[in-house]
Amino acid sequence: MENVIKKLRLEFCLIFIWAAVLIGLFEWDVWTAGWAVGNELADYYINLTGIIMVIVLVPMALKMMSFRVVKSSYSVDFPQRSGLKYKRWSEGRMAMLAVAGWTNIVFDYLTV
């Protein structure tokens with residue numbers, strides 16, 4: 001189980017590193033920022049999509065581990081399998097939070 005937690009911590013750090021890379025790509029003009037400036041309809045839809053993603057994904061990710069289906073999938077009957085299932089659910093949870101964060105970083109720079 002310690003090995004699983006170490007891998008999850010590494011993946012967690014990689015999420016923030018990739019967010020910093022995204023910010024750097026826009027700040028150093030590798031990717032073009034301000035693509036949607038002047039286009040009010042595109043700006044509206046980009047912001048709406050980002051807000052809906054945050055409203056849906058963040059609460060679902062935070063509540064996911066208390067769902068009955070998730071809790072029962074990593075029972076203590078088989079410790080080896082339960083660690084792998086816990087890792088899978090935790091990675092899914094982190095992925096939901098990462099996608100919401102990364103897309104909102106990109107959307108923010110597209111509408112700057």
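Values in this document were obtained by computation on a predicted structure and should not be read as measured data.
Only one option out of V56, I51, L57 pairs with M53 in a side-chain contact (heavy atoms from CB on, under 4.5 Å); it is L57. If you run side-chain contact (heavy atoms from CB on, under 4.5 Å) between D43 and each of N39, L41, N47, only N47 comes through.
For K6 and E2, the salt-bridge test fails: no basic side-chain N is under 4.0 Å from an acidic carboxylate O.
Scored by the salt bridge (charged side-chain N to carboxylate O under 4.0 Å, His left out) test, E27 finds no partners at all (sequence neighbours excluded). When the ring pair (Phe, Tyr, Trp, His ring centres under 6.0 Å) test is applied to W35, no partner is found at least two apart in sequence or on another chain.
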Checklist entry - When you look at V37 and V112, which way does the side-chain contact (heavy atoms from CB on, under 4.5 Å) test go after all the steps? => result CA-CA 7 Å; V37 172; V112 168; 5.7 Å; no
Item to check | Candidate pair M96 and M64, rule side-chain contact (heavy atoms from CB on, under 4.5 Å), full reasoning | outcome: CA-CA 10 Å; M96 286 191 283; M64 187 171 81; 3.5 Å; yes
Item to check | side-chain contact (heavy atoms from CB on, under 4.5 Å) assessment of K71 paired with M65 | outcome: CA-CA 6 Å; K71 271 187 182 178; M65 293 306 230; over 6 Å; no
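Between G83 and V4, the shortest heavy-atom distance links the atoms O-CG1, 3.8 Å. Considering every non-hydrogen atom in both T32 and F26, the closest pair reads O-CE2, 3.7 Å.
Atom-to-atom distance recorded for M60:CE and R93:CZ is 12.5 Å, nearest 0.5 angstrom. Taking CH2 of W18 as the reference point, atom CD1 of I23 lies at 12.0 Å (rounded to 0.5 Å). Here CE of M94 is found 4.5 Å from CD of E11. Values are rounded to the nearest 0.5 Å. Note that CZ of F107 and CG of L110 are 7.5 Å apart. Values are rounded to the nearest 0.5 Å. Distance check, rounded to the nearest 0.5 Å: CD1 of I46 to CG of D108 gives 10.5 Å.
Counting non-hydrogen atoms of other residues, nucleotides and ligands closer than 6.0 Å to CZ of F67 gives a total above 12.
Within the 4.5 Å cutoff, no side-chain heavy atoms of L8 are placed close to those of F12. Counting heavy atoms from C-beta on, the side chains of R9 and I5 come closer than 4.5 Å. At a threshold of 4.5 Å between non-hydrogen side-chain atoms, the residues V106 and L22 count as touching.
One hydrophobic cluster holds both W102 and V30 under the rule that ILVMFWY side chains link at heavy-atom gaps under 4.5 Å. Y109 and Y44 fall within a single hydrophobic cluster, where Ile, Leu, Val, Met, Phe, Trp and Tyr are joined by side-chain heavy atoms under 4.5 Å apart, directly or via other members.
Within the hydrophobic cluster formed by Ile, Leu, Val, Met, Phe, Trp and Tyr side chains joined at under 4.5 Å, directly or through other members, L62 is accompanied by V54, V58, L97.
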